[in-house]
Amino acid sequence: SFEVSPGVTDCLGIDVLGPAAAQTHEDSLVGGDLAMTIEGNKSTKTYAFTIPQDTVLARFDLISTNSSDDFDLFIRQNDDLSDNVGISGLPGGRERVDLHNPEPGTYYAVVNAYDTGDVKAPFTLHAYAVGPRSQGDVRISPDPLKTLIGIPATVTLSWNGLDPDTSYLALVTYPNNAEPTVVTIQ
């Protein structure tokens with residue numbers, strides 16, 4: 001469940017896009033120089049992901065096992081990694097890049113262990129491509145959502161038929177191009 005703050009008094013039809021299963025890689029790297037190549041090096045690895053037609057949100061999440069490790073995440077296109085479409089270089093071990101309405105095709109997530117010391121630092125990389133296709137049975141309630149302007153309303157998402165060992169991402173959408181709610185199902 002989550003709360004939304006409506007800007008209108010109305011009965012709103014709401015919808016769910018997805019959920020989309022994560023494409024997941026678990027790996028480890030030693031801190032060092034960035035190698036912006038498909039081959040990488042001891043400090044950099046590149047992972048290819050296919051983003052299908054009609055994807056509304058492509059999300060790349062990098063999570064370090066040790067929060068003190070510092071990773072960076074680059075999202076590129078083209079086999080020579082020349083087209084930079086996103087970057088997250090915050091301090092620490094959590095990085096995220098969101099691409100809204102991306103062109104379909106192959107995208108490359110380049111992970112760099114910027115500062116992890118001289119030992120292998122483990123991490124998990126999740127990539128999601130959320131669109132109109134769905135996995136499992138997802139329901140939203142209430143639908144329609146009865147709202148009063150400025151009064152928070154509770155929305156509940158329920159599902160079955162999803163693999164409990166897989167992470168999923170869904171978008172709850174509202175009318176009039178209102179900001180969607182991103183929901184992670186783990």
Side-chain angles (χ1 to χ4, degrees), residues 2 4 12-27 29 34-41 44-64 71-90 93-114 123-140 143 155 157-186:
F2 55 93
V4 294
L12 303 177
I14 51 181
D15 197 12
V16 178
L17 297 177
Q23 299 174 59
T24 301
H25 291 277
E26 293 181 348
D27 214 330
L29 293 167
L34 170 67
M36 193 60 71
T37 64
I38 295 290
E39 299 79 24
N41 62 20
T44 309
K45 287 207 177 167
T46 301
Y47 305 90
F49 296 98
T50 300
I51 303 297
Q53 185 78 29
D54 299 323
T55 294
V56 176
L57 173 66
R59 172 169 284 179
F60 300 86
D61 274 333
L62 173 67
I63 304 154
S64 171
F71 283 87
D72 291 331
L73 176 63
F74 305 84
I75 306 303
R76 301 289 180 123
Q77 282 187 291
N78 301 327
D79 291 342
D80 65 357
L81 307 180
S82 61
D83 189 6
N84 183 30
V85 294
I87 184 172
S88 180
L90 301 171
R94 295 188 69 89
E95 305 292 344
R96 172 176 289 164
V97 174
D98 285 344
L99 304 177
H100 299 277
N101 301 305
E103 293 293 321
T106 301
Y107 288 74
Y108 297 92
V110 180
V111 176
N112 175 244
Y114 177 74
F123 65 89
T124 302
L125 176 65
H126 296 293
Y128 307 90
V130 181
R133 53 214 168 269
S134 177
Q135 296 171 332
D137 178 27
V138 177
R139 295 194 177 120
I140 193 159
D143 186 22
V155 176
L157 216 59
S158 60
W159 57 86
N160 54 55
L162 300 180
D163 182 344
D165 296 325
T166 301
S167 178
Y168 296 85
L169 199 69
L171 278 180
V172 177
T173 61
Y174 311 97
N176 301 322
N177 295 318
E179 186 72 24
T181 302
V182 180
V183 178
T184 302
I185 302 169
Q186 293 181 315

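Any value given below was found using the heavy atoms of this structure, including those in side chains, with hydrogens, waters and symmetry copies removed.
Within a 6.0 Å sphere centred on OH of Tyr174, heavy atoms belonging to other residues, nucleotides or ligands number more than 12.
Counting heavy atoms from C-beta outward, Leu162 and Pro19 have side chains that approach closer than 4.5 Å. Between Val56 and Asn101 the shortest side-chain heavy-atom distance falls below 4.5 Å. You'll find the side chain of Val97 stays beyond 4.5 Å of the side chain of Val85, heavy atoms only.
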With side-chain contact (heavy atoms from CB on, under 4.5 Å) as the criterion, how do Val110 and Leu34 come out once you've worked through the C-alpha distance, each side chain's angles and the decisive distance to 0.1 Å? CA-CA 9 Å; Val110 180; Leu34 170 67; 4.2 Å; yes

Given side-chain contact (heavy atoms from CB on, under 4.5 Å), test Tyr168 with Val138 step by step and report yes or no. CA-CA 11 Å; Tyr168 296 85; Val138 177; over 6 Å; no

side-chain contact (heavy atoms from CB on, under 4.5 Å) between Phe60 and Tyr107, intermediate numbers included: CA-CA 10 Å; Phe60 300 86; Tyr107 288 74; 4.2 Å; yes

Quick one, Lys45 with His25, criterion side-chain contact (heavy atoms from CB on, under 4.5 Å). Give me CA distance, side-chain angles, the key distance, then yes/no. CA-CA 11 Å; Lys45 287 207 177 167; His25 291 277; over 6 Å; no

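Partners of Tyr47 under the side-chain hydrogen bond (donor to acceptor under 3.5 Å, both in side chains) rule, at least two apart in sequence or in another chain, are Asp27.
Of all heavy-atom pairs between Leu125 and Ala109, the closest is CD2-CB, 3.8 Å. Between Thr37 and Leu81, the closest heavy-atom pair is C-CD1, 3.4 Å.
For the atom pair CD1 (Ile63) and CZ (Arg96), the distance works out to 8.0 Å, reported to the nearest 0.5 Å. The distance from atom CZ of Phe71 to atom OG1 of Thr44, rounded to the nearest 0.5 Å, is 10.5 Å. Atoms OG1 and CZ, on Thr184 and Arg59 in that order, are 6.0 Å from each other to the nearest 0.5 Å. Taken from OG1 in Thr166 to CD in Gln23, the straight-line distance is 11.5 Å, to the nearest 0.5 Å. Here Asp83 contributes atom CG and Ile75 contributes atom CD1; the two are 12.0 Å apart, rounded to the nearest 0.5 Å. The structure places CG of Asp143 at 5.0 Å from CD1 of Ile14, a figure rounded to the nearest 0.5 Å.
A donor-acceptor contact under 3.5 angstrom links the side chains of Tyr108 and Asp79, judged on distance only.
Of the listed residues (Thr181, Val183, Leu57), just one forms a side chain to side chain contact (heavy atoms under 4.5 Å, CB included) with Leu171, and that residue is Leu57.
Residue pairs meeting the side-chain hydrogen bond (donor to acceptor under 3.5 Å, both in side chains) criterion with at least one member in residues 123-132, sequence neighbours excluded, are Thr24-His126, Tyr128-Ser167.
The backbone N or O of Asp80 lies less than 3.5 Å from no partner atom in the side chain of Asn78, so there is not a single donor-acceptor pair.
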